[in-house]
Amino acid sequence: MLTNLYNWTMRLADHPRALWVLALVSFVESSFFPIPPDVMMIPMILARPNKAWLIAGVALVASVLGGLLGYAIGAFAFEQIGQPILTSLGKADAVAEFNTRFNDFGFWAVLGAGITPFPFKVITIMSGWTGMPLGVFITTAIIARAFRFFLVAALLWKFGAPIRDFIEKRLGLMTTLFFLLLVGGFVLVKFI
């Protein structure tokens with residue numbers, strides 16, 4: 001089923017209204033859809049590199065707005081909607097433990113999920129459920145999603161098709177390692 005969704009999303013990248021479809025995919029991915037917007041961004045930017053920044057900007061705005069929907073699901077409808085989404089993603093068991101520690105690391109959780117392959121929708125829902133301050137959530141979501149989408153756009157704009165394989169297969173790992181090093185650096189500075 002996931003392969004069919006992936007292929008469907010890729011086909012939409014060629015649609016005449018692909019920018020609107022990208023906005024929709026970016027919006028729903030931040031709250032419940034399993035396919036990340038990068039899947040559409042990559043072929044769109046490769047086809048029109050001069051629109052790389054516009055494409056990344058659309059993905060950013062729609063993703064943050066979708067994140068607000070995820071936040072609202074967590075804040076107002078966790079039991080009815082949020083819990084089933086997290087259960088379908090296999091994250092239900094960790095909910096209680098996660099809730100107790102989430103807001104202590106909320107900024108880092110949103111930042112990490114926004115720039116790494118970790119499902120952003122899990123963090124948006126958890127942010128609302130745990131009552132993370134909305135301003136912190138929005139600010140961090142903007143920073144994280146801008147970093148991710150504009151990094152992809154910059155790499156594709158600069159290197160074109162040859163970088164596509166790296167982005168699709170290794171960018172998530174490299175971004176995760178960067179994030180872990182960043183957090184590790186802050187922890188090291190705090191304890192030294």
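Residue indices begin at 1 and follow the sequence shown. Computation of the quantities below employed the complete heavy-atom set of this structure, encompassing side-chain atoms and omitting hydrogens, waters and symmetry-equivalent molecules.
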- Query: Looking at NZ of K121 and CG of L69, how far apart are the two atoms once the value is rounded to the nearest 0.5 Å?
  - Reply: 12.0 Å

- Task: Can you see which heavy atom on V58 is nearest to which on A23, and at what distance?
- Result: CG1-CB, 3.7 Å

- Here the pair of heavy atoms bringing L22 nearest to M40 is N-CE, 3.8 Å

- By ring-ring contact (aromatic ring centres under 6.0 Å, His included), which residues pair with F149, not counting sequence neighbours? none

- Does T124 reach the side chain of F137, with side-chain heavy atoms less than 4.5 Å apart? yes

- Calculate, to the nearest 0.5 Å, the distance between atoms CD1 and CG belonging to I143 and L60 respectively. 11.0 Å

- Task: Taking all heavy atoms of L156 and all of I42, pick out the closest pair and write down the distance.
- Result: CD1-CA, 3.7 Å

- Item | Nearest heavy atoms of L46 and P49, plus distance in Å | O-CD, 3.7 Å

- What do the steps show when you test R148 against D38 for side-chain contact (heavy atoms from CB on, under 4.5 Å), and what is the final call? CA-CA 9 Å; R148 177 175 174 160; D38 312 64; 2.8 Å; yes

- Contacts satisfying ring-ring contact (aromatic ring centres under 6.0 Å, His included) that involve residues 35-63 (not counting sequence neighbours) are W53-W157

- Check: M132 main-chain N/O paired with Y71 side-chain donor or acceptor under 3.5 Å: yes

- Query: Is there a side-chain contact between L54 and L19, using heavy atoms and a 4.5 Å cut-off?
  - Reply: yes

- Message: Would you say V136 ends up clustered with L65 if hydrophobic residues are merged whenever their side chains have heavy atoms under 4.5 Å apart, either directly or through other cluster members?
- Response: yes

- Item | hydrophobic_cluster_shared for F159 and I45, side chain cutoff 4.5 Å | yes

- Task: Measure from the side-chain N and O atoms of S30 to the backbone N and O of S63, and report whether any donor-acceptor pair falls under 3.5 Å.
- Result: yes

- Measuring from T140:OG1 to I123:CD1, what's the distance to the nearest 0.5 Å? 11.5 Å

- Note on the structure: Correct closest heavy-atom pair for A153 and A56 would be CB-CB, 3.8 Å

- Of all residues at least two apart in sequence or in a different chain, which pass the ring-ring contact (aromatic ring centres under 6.0 Å, His included) check with W20? none

- Message: Test side-chain contact (heavy atoms from CB on, under 4.5 Å) on L134 and L68; report intermediate values, then the result.
- Response: CA-CA 9 Å; L134 188 58; L68 288 172; 3.8 Å; yes

